Every structure is written in structure tokens, then in C-alpha cells.
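FYI, side chains are in, hydrogens and waters are out, and symmetry mates aren't considered; it's all heavy atoms of this structure. Predicted, not measured: the structure shown is a model, and the values here were computed from it.
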Amino acid sequence: MPKIVRKAVFPVAGFGTRFLPATKAMPKELLPIVDKPLIQYAVEEAVRAGIDTLIFVTGRNKRAIEDHFDANLELEAALRAKGKHAQADMVHNILPSGVECIFVRQAEQLGLGHAILCAERVVGDEPFAVLLADDFLTQRSASAKSNVTNDLINAFETTGQTQLSVMRVPGADISKYGVIVRGDAPGAVAGLVEKPSVEEAPSDMASIGRYILTPDIFDVLRDLPAGSGGEIQLADAINIQAQRGNVNSVHSTALRFDCGSVDGFLAAISHVSNLRDS
């Protein structure tokens, strides 16, 4: 039986340059989707999937993320003194009991693969989830009991292999993603190509920001040369795993908003606002 997935890594060390000057002093992960920070949506997804250890790979000027998930007794006391008990409870219960946050520093931004490698000592020899907060994912049905991370964990528990969440991306946009090479069996991944040209893309199925990784990924990342952009690319490491026959995919039907872009961020705000108004 595969080990249970209890840990999740959140790479949050990026500068957020597409949102300057707003992100000059505030982490982009704390930009609000209406009244809740972007990173909190990803954390809630992980917790609902059974994750109890949250590992944030941070950088300089990211202390506010740690503060957000920490207790703020002064704020709670001030709210209760004014009779605002519902708001005090909201602040107090950002994380449920039994969920732990661990913060690891990425001293240099050397790529997503390097960020994952920074979490190695905390992850140890366990399988783990990776959630990229920029990928804002929400189920199409309000009654859906599962989420993307939960679906990946279920698939991992069946195969014991690395799992990628994938979506169909038609046309020229495919060149913005890691694109899978389909294997022979349903869901099997024979390779992963980082940001290929439209002409060279091996399929129209893109890997999006949710993964279940097996701990042997660290051995691959440790010896991996710099790839696209001079960075250590997670996609290159997964490609090696895939060529060994150790990667599968789960086709996600969730709604996805690319909150790494201004247009995607605004679309996510509009979507959440409309849900609350309906």
C-alpha cells in the first residue's frame, strides 16, 4: 500500500512582478480574491483533501504569509471587545486544529524544481502534494464533494505513482505550459515537455499547478542541470520519472483561473463575486 499523503508544499518565493507596484511590499499570494487571500484558497483545498502539514517555501519579504496563518490574539481580543464574535472566530479558525505550518527559505529563485528541493528535509521519504497558488481552481458544481488535490491523492493511493493534474489547452496557449506526452494506457504519461512551441507540442494536454510527487523526485532534482530560463525545472524532473514509467495523470474538470496574470486574477474575483451574489 502506498504511504498516505499528509504533506503539501506551497512554493511562494516569487516576486510577483506582474502585479507591481502592489507586490513591492506585499506578497502576491496575499492579494485578495474578494475577501480571502489567494494562498488561503489553495491551503483550504489541501486541508479538505486530508493534508495536515503545510510546507511553505518562501523568500525575502514573505513574512506576511507566515503572519497570516499565525494566531493574532490582539486582533481577536479587539474584535470580541466590540462584540464582533463572528469575525473573531473567522480570524481564529483560518487553520483547523491539528494542521501545522512549516516555513522554509529559498535563498535564490532558481526555479520551481529548486523550490521543491528546498523542502526535501521537511518532506523526508513521504509522498507529498504540491499546490501552486497562482492556479486558482474551483469545482464547477457547488455540491461537489471532491477537489483537484483530493482526486490526485485518490489516484496516487491506487497506483503509488506521481500524479499530474492535466487540462486540455487548445491553440497557441499550449506553449505556456508543461505539456504531457501521452502513454499507452489511459492516464499514463510518457513524458513532459516544458513550454514547447505550438508546432512541437506533443499533445494539447497541459500540466497545471497541482501534483502528487513521490520522494524519489528529490534524487532527480539534485542532479538536474538548469533548463528553460536557466532554472531547475520541475517539469524536467517529472519528464525523467515519466520516461521510467512512473507518472500518471488525472484529467481535471475544475474551473481554472491563472492568477499569475492580471486578467486571470480579475476573472477569478468576478467569478467568486458572482457566486456570492447568486
field: Contact summary for Ala119 and Val9, nearest pair of heavy atoms
entry: CB-CG2, 4.0 Å
Within 6.0 angstrom of Arg63 CZ, more than 12 heavy atoms from elsewhere: no
task: Can you measure from CG (Asp204) to CG (Asp173) and round to the nearest 0.5 angstrom?
output: 12.0 Å
field: Shared hydrophobic cluster for Phe156 and Val47 (ILVMFWY, side-chain gaps under 4.5 Å)
entry: yes
- prompt: Hey, is the main chain of Glu108 close enough, under 3.5 Å, to the side chain of Gln106 for a donor-acceptor pair?
  reply: yes
- request: Might you work through the side chain to side chain contact (heavy atoms under 4.5 Å, CB included) test for Asn150 and Arg48, ending with a clear yes or no?
  value: CA-CA 8 Å; Asn150 194 77; Arg48 286 197 303 271; over 6 Å; no
- request: Look at the side chain of Asn61 and the backbone N and O of Ala25, then say whether any donor-acceptor pair between them is shorter than 3.5 Å.
  value: no
message: Between Thr214 and Gln241, do the side chains contain a donor N or O and an acceptor N or O under 3.5 Å apart?
response: yes
query: Got more than 12 heavy atoms from elsewhere within 6.0 Å of CD1, Ile4?
result: no
message: Would the distance check show the side chain of Ser175 and the main-chain N or O of Lys195 forming a donor-acceptor pair, the cut-off being under 3.5 Å?
response: no
- prompt: So, for Phe128 and Phe218, is the gap between ring centers shorter than 6.0 Å?
  reply: yes
task: Verify, without hydrogens or angle tests, whether Asn274 (side chain) and Ser270 (backbone) share a donor-acceptor contact under 3.5 angstrom.
output: yes
- prompt: Hey, are the side chains of Ser252 and Ser165 touching, using non-hydrogen atoms and a 4.5 Å cut-off?
  reply: yes
message: Tell me the closest heavy-atom pair linking Pro11 and Ile116, and the distance in Å.
response: CG-CD1, 4.1 Å
query: Counting N and O atoms only, with roles assigned by atom type, does the side chain of Thr23 sit under 3.5 Å from a partner on the main chain of Met26, one being a donor and the other an acceptor?
result: no
message: For Val181 and Val193: C-alpha separation, side-chain torsions, deciding distance, then whether side chain to side chain contact (heavy atoms under 4.5 Å, CB included) applies.
response: CA-CA 8 Å; Val181 180; Val193 182; 4.2 Å; yes
message: With rounding to the nearest 0.5 angstrom, report the CD1 to NZ distance, Ile65 to Lys28.
response: 10.0 Å
message: More than 12 heavy atoms of other residues, nucleotides or ligands under 6.0 Å from NZ of Lys36: yes or no?
response: yes
- request: Give a yes or no on whether the backbone of Asn147 and the side-chain of Glu45 come within a donor-acceptor separation of less than 3.5 Å.
  value: no
query: Is Arg60 atom CZ crowded by more than 12 heavy atoms from other residues, nucleotides or ligands, each under 6.0 Å away?
result: no
query: Where the side chain of Gln87 meets the backbone of Leu79, is there a donor-acceptor pair that is under 3.5 Å apart?
result: no
- request: Among residues two or more places apart or on two chains, list those pairs meeting ring pair (Phe, Tyr, Trp, His ring centres under 6.0 Å) that have a residue in residues 45-101.
  value: Phe10-Phe56, Phe56-Phe69, Phe56-Phe103
query: Is it true that a side-chain atom of Ser273 and a backbone atom of Ile269 form a donor plus acceptor pair closer than 3.5 Å?
result: yes
message: Measuring from atom CD1 of Ile180 to atom OG of Ser249, what distance do you get when rounded to the nearest 0.5 angstrom?
response: 4.5 Å
task: Check Glu194 against Ala235 and note the closest heavy-atom contact, atom names and distance.
output: OE1-CB, 3.2 Å
message: salt bridge (Lys or Arg N to Asp or Glu O under 4.0 Å), that's the test. Do Lys3 and Asp125 meet it? Break it down for me.
response: CA-CA 10 Å; Lys3 292 185 177 180; Asp125 63 352; 3.4 Å; yes
field: Beyond-backbone contact of Leu117 with Ile232, side-chain heavy atoms, under 4.5 angstrom
entry: no
message: Please report the interatomic distance CE(Met205) to CZ(Arg182), rounded to the nearest 0.5 Å.
response: 6.0 Å
message: Minimum heavy-atom separation for Thr162 and Leu213, please, with both atom names.
response: CG2-CD2, 3.8 Å
task: Could you walk me through whether Glu231 and Gln109 pass side chain to side chain contact (heavy atoms under 4.5 Å, CB included), step by step?
output: CA-CA 8 Å; Glu231 297 181 335; Gln109 292 186 27; 5.5 Å; no
query: Are the aromatic rings of Phe136 and Tyr41 close, with centres under 6.0 Å apart?
result: yes
- request: Give the minimum heavy-atom separation between Ala8 and Ala46, together with the two atoms involved.
  value: CB-CB, 4.4 Å
query: Which of these passes side-chain contact (heavy atoms from CB on, under 4.5 Å) with Ile240: Leu221, Leu224, Ile217?
result: Leu224
- request: Determine, step by step, whether Val220 and Asp236 satisfy the side chain to side chain contact (heavy atoms under 4.5 Å, CB included) criterion, reporting the C-alpha distance in whole Å, the side-chain angles of both residues, the deciding distance to 0.1 Å, and the verdict.
  value: CA-CA 9 Å; Val220 180; Asp236 293 342; over 6 Å; no
Minimal non-hydrogen separation, Ser207 against Val166, with atom names: CA-CG1, 4.2 Å
- request: Indicate yes or no: at least one non-hydrogen side-chain atom of Ile51 is less than 4.5 angstrom from one of Val5.
  value: yes
query: When you measure from the side chain of Lys62 to the backbone N and O of Val12, does any donor-acceptor pair fall under 3.5 Å?
result: yes
task: Answer with yes or no whether the hydrophobic clustering places Val272 together with Phe257; edges join I, L, V, M, F, W, Y residues whose side-chain heavy atoms lie under 4.5 Å apart.
output: yes
field: Ionic contact status for Glu126 with Lys7, cut-off 4.0 Å
entry: yes
- request: Report yes or no: do Asp263 and Ser261 form a side-chain donor-acceptor pair below 3.5 Å?
  value: no
- prompt: Is a side-chain donor-acceptor pair under 3.5 Å present for Asn248 with Gln161?
  reply: yes
- prompt: If only atom types and distance count, is the side chain of Arg18 paired as donor or acceptor with the main-chain N or O of Gly260 below 3.5 Å?
  reply: yes
message: So, taking the atom named CD1 in Ile39 and the one named CD in Glu44, what distance separates them when rounded to the nearest 0.5 Å?
response: 10.5 Å
- request: Answer yes when Asp89 and Arg80 have at least one side-chain N-carboxylate O distance shorter than 4.0 Å, and no when they do not.
  value: yes
message: Check for me, please, whether Leu152 and Leu131 land in the same ILVMFWY cluster - side-chain distances under 4.5 Å, paths through other members count.
response: yes
query: Does some side-chain heavy atom of Met167 sit less than 4.5 Å from a side-chain heavy atom of Arg256?
result: yes
message: Within the structure provided, determine whether Leu112 and Leu132 are in side-chain contact (heavy-atom separation under 4.5 Å).
response: yes
field: Thr58 side, atom OG1; Ile102 side, atom CD1 - distance, nearest 0.5 Å
entry: 12.5 Å
- request: Check the hydrophobic clustering (I, L, V, M, F, W, Y; side-chain heavy atoms under 4.5 Å; chains of links allowed) and say if Met90 and Val34 are grouped together.
  value: no
message: For a 4.5 angstrom cut-off between non-hydrogen side-chain atoms, does Leu164 reach Val247?
response: yes
message: Less than 4.0 angstrom from a charged side-chain N to a carboxylate O is my criterion; do Arg210 and Asp135 meet it?
response: no
query: Do Leu30 and Leu38 have side chains that get closer than 4.5 Å, going by heavy atoms?
result: no
- prompt: Side chains of Glu100 and Thr53: is there a donor and an acceptor less than 3.5 Å apart?
  reply: no
- request: Find out if a path of hydrophobic residues (ILVMFWY) with successive side-chain heavy-atom gaps under 4.5 Å connects Val43 to Phe265.
  value: yes
task: Verify the neighbour count for atom CZ of Phe15: are there more than 12 heavy atoms of other residues, nucleotides or ligands below 6.0 Å?
output: no
